[in-house]
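In what follows, every chain begins at residue 1, and chains take the letters A, B, ... in the order their sequences are listed. The model shown is predicted, which means the values in this text are computed figures rather than measured ones.
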2 protein chains.
Amino acid sequence: VQVLGYARRPETVEQALEMGAIDRGSTDPADVLPHADLTVVCIPVAATIEFGVRHADMFMPGSIVTDVGSIKGRIVEEIGPALARRGVRFIGSHPMAGSERAGLAHADPRLFEEAVVFVSPGEQPETHALDCVRGLWRSVGATCHVMDAADHDALVARTSHVLHLLAAAAVPVGLRREAAVQATAGGFRDFTRIASGSPAMWRQIFELNQKEVLAALDEFECELGALRQCLAEGAWQAVEDRLEAARSARERWLRDWRGHASVPP
Amino acid sequence: VQVLGYARRPETVEQALEMGAIDRGSTDPADVLPHADLTVVCIPVAATIEFGVRHADMFMPGSIVTDVGSIKGRIVEEIGPALARRGVRFIGSHPMAGSERAGLAHADPRLFEEAVVFVSPGEQPETHALDCVRGLWRSVGATCHVMDAADHDALVARTSHVLHLLAAAAVPVGLRREAAVQATAGGFRDFTRIASGSPAMWRQIFELNQKEVLAALDEFECELGALRQCLAEGAWQAVEDRLEAARSARERWLRDWRGHASVPP
């Protein structure tokens with residue numbers, strides 16, 4: 001297997017070659033896309049759509065394309081038909097792994113070990129293409145879950161996207177006052193970690209998953225409103241009951257999640 | 001120096017003796033409090049007040065008492081005068097360290113290394129008592145910041161207490177749907193970590209810091225409302241600008257916080 005790399009900046013291509021992440025690289029997609037049996041597009045979600053549609057005629061007929069974006073509906077809907085006309089199959093991927101850090105300097109060869117990857121085929125069942133993409137993720141240690149793109153987007157709006165808004169709103173509240181740096185510790189660091197993610201990347205996620213993120217925000221505000229009312233009324237037992245429900249749900253999740261992650265891929 | 005330990009449950013006293021955490025221990029405060037030059041009360045905040053006031057006559061005259069609670073105003077106001085009548089000095093402490101895990105099984109001898117401890121004397125300047133309490137924290141590697149109790153409570157409501165409500169509200173939103181366990185990763189784990197803290201302990205913190213927590217919640221809802229409006233209107237550049245403001249504020253904080261923590265105590 002030969003790994004080809006495309007990036008906009010020549011420094012990135014050189015760095016990837018030096019790291020041994022790619023065998024050959026170019027800043028011109030025409031040097032790379034026509035030669036690839038399997039292409040993984042790793043750029044922000046709106047850029048993924050734009051790139052896929054613009055270069056549709058450049059991919060090798062019969063080849064397979066996937067991505068790593070945090071939303072799947074709009075990507076599968078818009079790239080799928082554009083590539084299908086060329087005889088190229090698109091299968092969407094969303095690996096549940098990564099961090100708030102971007103760029104090759106934060107590359108980690110073990111990033112996908114024991115991770116889950118959501119895989120969303122388009123409307124046509126594409127068994128061979130799906131198997132290839134699953135094989136790719138299995139080869140780096142991940143487990144695949146096939147899920148309808150719209151269901152995926154509704155789910156991750158609630159488990160991930162909405163948290164980013166909450167962390168971004170909590171940062172100015174926490175840091176506005178003098179001496180905040182002394183009054184923050186591991187709790188603040190972990191709660192706000194995701195707020196260090198790329199604003200350009202997250203803006204595109206919110207743009208392409210607007211409806212579900214707003215629905216997730218409604219659900220969150222409903223939960224927070226109930227907690228707030230107990231607090232305002234001094235209903236302390238009700239406050240404790242709600243905290244206990246959240247604690248036990250999280251502890252149960254932590255056990256399931258760890259058990260799940262330790263299942264061999 | 002001899003370390004005496006009091007706990008309600010005999011198993012806890014035995015475990016502390018076995019671990020070498022204490023030299024002598026008892027489940028009866030009368031065996032311990034009259035013999036201590038410096039007492040550290042480590043129980044939830046409302047229980048701290050109740051314990052301090054109830055046992056006021058048991059402490060050694062001339063001795064010093066401190067605590068580790070996350071609120072300082074009500075503790076200093078209520079214990080201070082009760083102990084002063086006995087000639088005992090109370091200085092409030094709040095170490096910015098710890099985790100969501102409770103009990104001796106999670107004890108860590110390095111917990112306070114490079115941590116900040118907020119120290120709140122009462123209304124009387126108590127130079128000797130303050131020096132003793134600062135010496136205690138310095139001896140385990142922490143740095144002390146003296147702060148007025150009311151200022152402290154307003155500050156930590158925003159850097160810490162309000163985050164606990166947000167995490168508790170985010171847990172049911174994230175976990176309600178099927179397949180949530182597959183759709184959660186390090187982001188969800190870190191964002192909700194504090195929601196695994198003791199509900200009984202947090203209930204008391206909210207009870208004793210109700211006003212400031214509600215004010216912090218107002219500030220949070222104002223920030224979240226602004227983000228939500230941009231999202232609902234499709235004002236994507238404004239969304240990105242707000243995310244960028246949060247990201248750069250957090251990155252600045254992270255540098256200051258790490259720089260701060262590495263200052264020798």
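- Proximity to chain B is absent for every atom of A:N209, based on heavy atoms less than 4.5 angstrom apart.
- B:D67 places a side-chain N or O within donor-acceptor distance of the main-chain N or O of B:S93, the cut-off being under 3.5 Å.
- When heavy atoms are compared at a cutoff of 4.5 Å, B:F118 approaches chain A solely by way of its side chain, counted from C-beta outward.
- With a 4.5 Å cut-off on non-hydrogen atoms, B:V171 touches chain A through its side chain but not through its backbone.
- Contact of A:S196 with chain B is made through backbone and side chain together, with heavy-atom distances under 4.5 Å.
- Contact of B:L231 with chain A is made through backbone and side chain together, with heavy-atom distances under 4.5 Å.
- At a 4.5 Å heavy-atom cutoff, the contact between A:R176 and chain B is made by side-chain atoms alone.
- For A:L166, the parts sitting under 4.5 Å from any heavy atom of chain B are the backbone and the side chain alike.
- Using a 4.5 Å cut-off between heavy atoms, B:Q237 contacts chain A through both its backbone and its side chain.
- In this structure, chain B has no heavy atom under 4.5 Å from any part of A:A157.
- The list of side-chain hydrogen bond (donor to acceptor under 3.5 Å, both in side chains) pairs with a residue in residues 148-157 of chain B, not counting sequence neighbours, reads B:H94-B:H152.
- With a 4.5 Å cut-off on non-hydrogen atoms, B:S160 does not touch chain A at all.
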